[in-house]
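Worksheet: the structure to be examined is printed underneath.
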Amino acid sequence: MNSRDIIGWLDERWYDALSSHLKKKDTTVEDELNTCLDAMIGQLPEQARERISRVIREEDQRQRAEEQASRRLSVFRVTQDGRTDHLLTEGGASMDAYHTALRLRSYLLSKGNSPQPFAQAIPATDHIASEVFDDYAAEFRQGGGRVTAVLDIDLDRGEFSTLDAADGWERYTIRDVSTAAWRASRKDGLKWEKRLELFAAHLEPRMIRCGGQGLEAPSGPSM
């Protein structure tokens, strides 16, 4: 949205006196000036006001749409001790399966030192409703790039599932995922792309089963 600063000059003593007076009315000099500007705008011809207002609304809608399209986020469903949390991370904090596997491995190795659940160990998360999680999962299947990962981690069952846009849910044991994360990260100096390749290569033959085309979390016998 285009805007322009309007600069006015006023002796500081006048400004202080006006500020003190307006403070009693719970307002400011700047607020009063904006009110005057609104009144001046109200004196414009109705056709001009409607045209400019429409252009401003359209610009605002385009800006919001662009901001939404540029978001990058990942969503999680985490079950532990009988409780299920639905979580969202966004921007630089959004995490893929490898990031999450590293975080989960670190959590499991240090679990005895902290009573906090794994849902609290995922950085920069917001809680979302289960229906919102499902909406983001559906958006991920449709493509577009805004949702980068959809993960279902069930510590009670010992399972780690990722949603593939083409094939649906892919399920692994947490032990296999933790081992894959270790194998991909144990060598120094590897590029990130190579680490992702090693992580995926270790997991691929260990998939329990594909969860089909649905959005529901995979289910099966407890591990």
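Keep in mind that the numbers below use all heavy atoms, side chains included, and drop hydrogens, waters and symmetry copies.
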Run the side chain to side chain contact (heavy atoms under 4.5 Å, CB included) check on V29 and Y15 step by step: do they pass?
-> CA-CA 8 Å; V29 174; Y15 181 85; 3.9 Å; yes
Can D16 and E12 be said to form a side chain to side chain contact (heavy atoms under 4.5 Å, CB included), step by step? CA-CA 6 Å; D16 290 342; E12 186 174 356; 3.8 Å; yes
Begin from the C-alpha positions of T28 and L22 and carry the test side chain to side chain contact (heavy atoms under 4.5 Å, CB included) through to its verdict. CA-CA 6 Å; T28 65; L22 293 172; 5.8 Å; no
Original post:
Between R51 and R54, is a side chain to side chain contact (heavy atoms under 4.5 Å, CB included) present by the stated rule, with each step listed?
Top reply: CA-CA 5 Å; R51 175 178 58 82; R54 182 177 65 254; 3.9 Å; yes
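Partners of Q80 under the side chain to side chain donor-acceptor pair (under 3.5 Å) rule, at least two apart in sequence or in another chain, are Y107. When the side chain to side chain donor-acceptor pair (under 3.5 Å) test is applied to E46, no partner is found at least two apart in sequence or on another chain.
Looking only at side-chain heavy atoms (C-beta outward), D135 and E139 stay at 4.5 Å or farther from each other. In this structure, the side chains of H127 and D85 come closer than 4.5 Å at one or more pairs of heavy atoms. Side-chain contact between T100 and F160 is present, with heavy atoms from C-beta onward closer than 4.5 Å. M95 places a side-chain heavy atom less than 4.5 Å from the side chain of P123. Side-chain contact check for I6 versus L33: every heavy-atom pair is 4.5 Å or farther apart. Residues L10 and L18 are in side-chain contact: their nearest non-hydrogen atoms beyond the backbone lie under 4.5 Å apart. Side-chain contact between S185 and L102: present, with at least one pair of heavy atoms (C-beta onward) separated by less than 4.5 Å. Between L155 and V78 the shortest side-chain heavy-atom distance falls below 4.5 Å.
Between H202 and D176, the shortest heavy-atom distance links the atoms CD2-O, 3.7 Å. Between A101 and V177 the shortest heavy-atom distance is CB-CG1, 3.4 Å. Nearest approach of A121 to R103, heavy atoms of both residues: O-CD, 3.2 Å. Shown here for F140 and A165, the closest heavy-atom pair between the two residues is CE2-N, 3.6 Å. The two residues F133 and F76 come nearest to each other via the heavy atoms CE1-C, 3.5 Å. Minimum heavy-atom separation, T162 to L151: CG2-CD2, 3.4 Å.
Looking at S178, its side chain never comes within 3.5 Å of a backbone N or O of R105 through a donor-acceptor pair. Looking only at distances, no side-chain donor or acceptor of R171 sits under 3.5 Å from a matching main-chain atom of I208. In this structure a side-chain-to-backbone donor-acceptor pair under 3.5 Å is missing from R206 to Y172. Remark: the backbone N or O of H86 is not paired with any side-chain donor or acceptor of R77 at under 3.5 angstrom. Although no hydrogens or angles enter the test, the distance criterion places no donor-acceptor pair under 3.5 Å between the side chain of D154 and the main chain of E159. A side-chain donor-acceptor contact under 3.5 Å links R195 to the backbone of K187. Not a single donor-acceptor pair under 3.5 Å links the side chain of D164 to the backbone N or O of W169.
Both tests hold for R186 against W182: distance to the six-membered ring centre under 6.0 Å, angle to the ring axis within 45°.
With rounding to the nearest 0.5 angstrom, the CD atom of E32 is 6.5 Å from the NZ atom of K25. Separation of atoms CD (E170) and CG (L203) is listed at 9.5 Å; rounding is to 0.5 Å. Rounding to the nearest 0.5 Å places CE of M207 at 10.0 Å from OG of S161. Distance check: L88 CG to L73 CG gives 5.0 Å after rounding to the nearest 0.5 Å. Taken from CH2 in W192 to NE2 in H99, the straight-line distance is 3.5 Å, to the nearest 0.5 Å. For the atom pair CD1 (I153) and CG (D156), the distance works out to 12.5 Å, reported to the nearest 0.5 Å.
Counting only N and O atoms by type, the side chains of T125 and T89 include no donor and acceptor under 3.5 Å apart.
Hydrophobic clustering (ILVMFWY, side-chain heavy atoms < 4.5 Å, transitive): L108 and Y98 are in one cluster. Both L163 and V132 belong to a single network of hydrophobic side chains, linked directly or stepwise wherever heavy atoms of I, L, V, M, F, W or Y lie under 4.5 Å apart.
For Q47, the CD atom counts as loosely surrounded, since its 6.0 Å shell holds 12 or fewer non-hydrogen atoms of other residues, nucleotides or ligands. In this structure, D26 places its CG atom where only 12 or fewer heavy-atom neighbours from other residues, nucleotides or ligands lie under 6.0 Å away.
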